[in-house]
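Contents: one structure, followed by commentary.
Keep in mind it's a predicted model, so treat the numbers as computed, not measured. Values below: every heavy atom of this structure, side chains too, minus hydrogens, waters and symmetry copies. Each ligand, and each atom within it, is numbered from 1 in the order the structure gives. Nothing fancy with the numbering, it's 1 onward along the sequence.
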Amino acid sequence: MYRLPFIDSHTGGEPTRVLLDALPRPPRGIEQDAREFWREHGWLCRAAVDEPRGSDILVGAVWWSPARPGEAGQVLYFNNVGPLGMCGHGSIGLIASLVFLGQWPSGPRMLRTPVGQVRTEYGADGMVRIDNVPAYRELQDVLLDVPGYGRFVGDVAWGGNWFFLVEVEGVRVHWDNRAALCELASAMRRQLRAQGITGRGAEEIDHIEITSVADADAAADARNFVLCPGGAFDRSPCGTGTSAKLACLAADGLLAPGAIWRQQGITGSVFEASFASAGPDAHGRLCAHPTLRGRAQVTAQGELLIDEGERDT
Ligand code: PYC
């Protein structure tokens, strides 16, 4: 029987379950070993977040605290279908949870993820700051014909995960319309696959972000609906999706470095975001260094019991 200590939180409505130093440490580091780790321990991670212990909206985080003082801790985020590159709401939830447990000293601290290091800081007001990995727009004005819906024009951008970002006329981006948004976004993702449209290195675009300026509350700049890889949608404004959005705004010259962008999610919660410009990368893409600010609420703490027999189920 595996016994996995965990702590749960939600960030703007989106839950995170952190597994606390419960699984073997990746020998070379999570940047190198994420795939191997998932092959060996993915079943256990999924058992920790899937039904009956969780649900498809739960994002998991395997946390390894620093091996030595001064080192960065490591994290692998995942959902009901597999590992994520980075996770913005999850990082906010992780830091708030570690602060609650007395395991996160104040001041700026680094976090290692499979896609690079992020800088984090817990504020005295309970806000968590995340300086994400560099974000960039890979493809602009991609035409996507979606049977039954019509033609859409969107961008493909990286914010720690791959996103197709699109504004859609005549479809309200609001909680009351979530079922229709889910169907539309799922149809878009199927069509991206069918048309062979990918991120860099043929990586799958597994997140769809439908954005609306008109449907945002007065205090926000835009509202989004983000479909996640396993079919659930993000209840928060999605940190990596907000980062991808910043990259597109930066590339279009629609947001200046340092200016605040208030990204609202489908439940109404807001991340405050901005970026510092990072110049072009090796592929000539303009990169933005996104900063996100949000808060999380700790909701539960305990121990999961998972039987070895579940490995094959
Ligand atoms: O906040 O980056 C995020 C995220 C990714 C998937 C769910 N939330």
Quiz item: What part of Asp234, side chain, backbone, both or neither, has a heavy atom within less than 4.0 angstrom of ligand 1?
Solution: side chain
Quiz prompt | Contact atoms of ligand 1, heavy-atom distance to His89 under 4.0 Å | solution = 1 (O), 3 (C), 4 (C), 7 (C), 8 (N)
Practice problem: Please say whether Gly239 places an N or O atom under 3.5 Å from an N or O atom belonging to ligand 1. | Solution: yes
Self-check item: Closest protein heavy atom (residue, atom, distance) for atom 6 (C) of ligand 1
Solution: His207 NE2, 3.9 Å
Quiz item: Which word best sums up how the rings of His207 and Phe163 line up, parallel for under 30°, tilted for 30 to 60°, or perpendicular for over 60°?
Solution: tilted
Exercise. Determine which pairs satisfy salt bridge (Lys or Arg N to Asp or Glu O under 4.0 Å) with at least one residue from residues 146-163, sequence neighbours left out, and list them in order.
Key: Arg137-Asp155, Asp145-Arg151
Quiz item: Which residues satisfy the side chain to side chain donor-acceptor pair (under 3.5 Å) test with Tyr77, sequence neighbours excluded?
Solution: Ser91
Quiz item: Does Met86 reach ligand 1 with a nitrogen or oxygen that is under 3.5 Å from one of the ligand's nitrogen or oxygen atoms?
Solution: no
Self-check item: Within 6.0 Å of CD in Glu169, more than 12 heavy atoms from elsewhere
Solution: no
Exercise. Indicate yes or no: does an N/O atom of Thr240 lie under 3.5 Å from an N/O atom of ligand 1?
Key: yes
Quiz item: Under 6.0 Å from the CZ atom of Phe100, do we count more than 12 heavy atoms belonging to anything else shown?
Solution: no
